[in-house]
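Before any comments, here is the structure.
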Amino acid sequence: MTPVHFTFSAAFILGLSGLSFHRSHLLSALLCLEGMMLSLFIALSLWTLQLDSTNFSAAPMLLLAFSACEASAGLALLVATARTHGTDRTQSMTLLRC
């Protein structure tokens with residue numbers, strides 16, 4: 001395993017562990033998801049560079065577009081949650097409260 005591969009796989013694992021262990025705030029969960037998506041973008045970009053093929057050259061840009069859509073939807077949910085519940089703490093959110 002090269003140091004570059006270790007770096008982006010470690011970034012993905014750190015984002016995944018942050019998402020699973022530190023879920024107290026919605027914003028921190030969104031940041032962990034964004035870190036995971038960026039590490040996947042780097043991995044996909046390096047994979048297409050190693051293949052030297054133009055068939056997969058649009059895949060990293062497509063992943064980056066989906067990542068931007070995911071970030072905007074997450075921030076919209078964060079704003080809506082903060083307006084209805086008054087905070088972004090995930091422990092204070094219940095489905096029964098309108």
Side-chain angles (χ1 to χ4, degrees):
M1 178 180 274
T2 63
V4 174
H5 289 96
F6 177 74
T7 302
F8 69 77
S9 61
F12 184 81
I13 296 297
L14 281 173
L16 187 64
S17 65
L19 183 63
S20 61
F21 294 133
H22 304 291
R23 295 180 294 176
S24 62
H25 291 279
L26 185 59
L27 185 61
S28 64
L30 290 174
L31 285 173
C32 290
L33 279 174
E34 193 64 30
M36 290 170 57
M37 288 299 289
L38 287 176
S39 67
L40 285 176
F41 171 72
I42 292 171
L44 196 58
S45 298
L46 289 175
W47 182 61
T48 56
L49 284 174
Q50 286 178 351
L51 286 180
D52 288 332
S53 175
T54 59
N55 294 337
F56 299 114
S57 62
M61 294 307 290
L62 186 66
L63 182 72
L64 198 61
F66 283 138
S67 176
C69 292
E70 173 257 333
S72 65
L75 287 176
L77 285 173
L78 177 70
V79 168
T81 302
R83 284 184 181 172
T84 58
H85 295 281
T87 184
D88 72 331
R89 291 188 57 85
T90 55
Q91 284 85 12
S92 66
M93 294 180 219
T94 61
L95 293 175
L96 301 175
R97 186 176 171 193
C98 293

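All values below come from the heavy atoms of this structure, side chains included, with hydrogens, waters and symmetry mates left out.
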Inset, instruction - May I ask you to check whether H5 and T2 show a side-chain donor-acceptor distance below 3.5 Å? - result: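 Yes, T2 and H5 have a side-chain donor paired with an acceptor closer than 3.5 Å.
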Legend entry - Verify same cluster id: L51, L44 (apolar side-chain graph, 4.5 Å):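 Yes; tracing contacts between hydrophobic side chains, which count when under 4.5 Å, links both residues.
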Legend entry - W47 reachable from L64 in the ILVMFWY side-chain graph, under 4.5 Å edges: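 Both belong to a single hydrophobic cluster.
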Inset, instruction - Kindly indicate whether the side chain of T48, heavy atoms from C-beta on, has any atom under 4.5 Å from the side chain of S57. - result: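 No, every pair of side-chain atoms sits at 4.5 Å or beyond.
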Inset, instruction - Compare all side-chain heavy atoms of T81 with those of D88 and state whether any distance is below 4.5 angstrom. - result: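 No, too far: nothing below the 4.5 Å cut-off.
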Tell me the closest heavy-atom pair linking [X] and [Y], and the distance in Å.
X	Y	answer
S17	L14	OG-O, 3.0 Å
C32	G18	SG-C, 3.6 Å
F8	S39	O-CB, 3.6 Å

Between [atom1] on residue [X] and [atom2] on residue [Y], distance to nearest 0.5 Å:
X	Y	atom1	atom2	answer
D52	Q50	CG	CD	9.0 Å
F41	L62	CZ	CG	11.0 Å
I42	M37	CD1	CE	12.0 Å
L31	H25	CG	NE2	12.0 Å
T7	F12	OG1	CZ	15.5 Å
R89	L27	CZ	CG	13.0 Å

Legend entry - Any donor-acceptor pair under 3.5 Å from S67 side chain to L63 backbone: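 Checked: no pair found.
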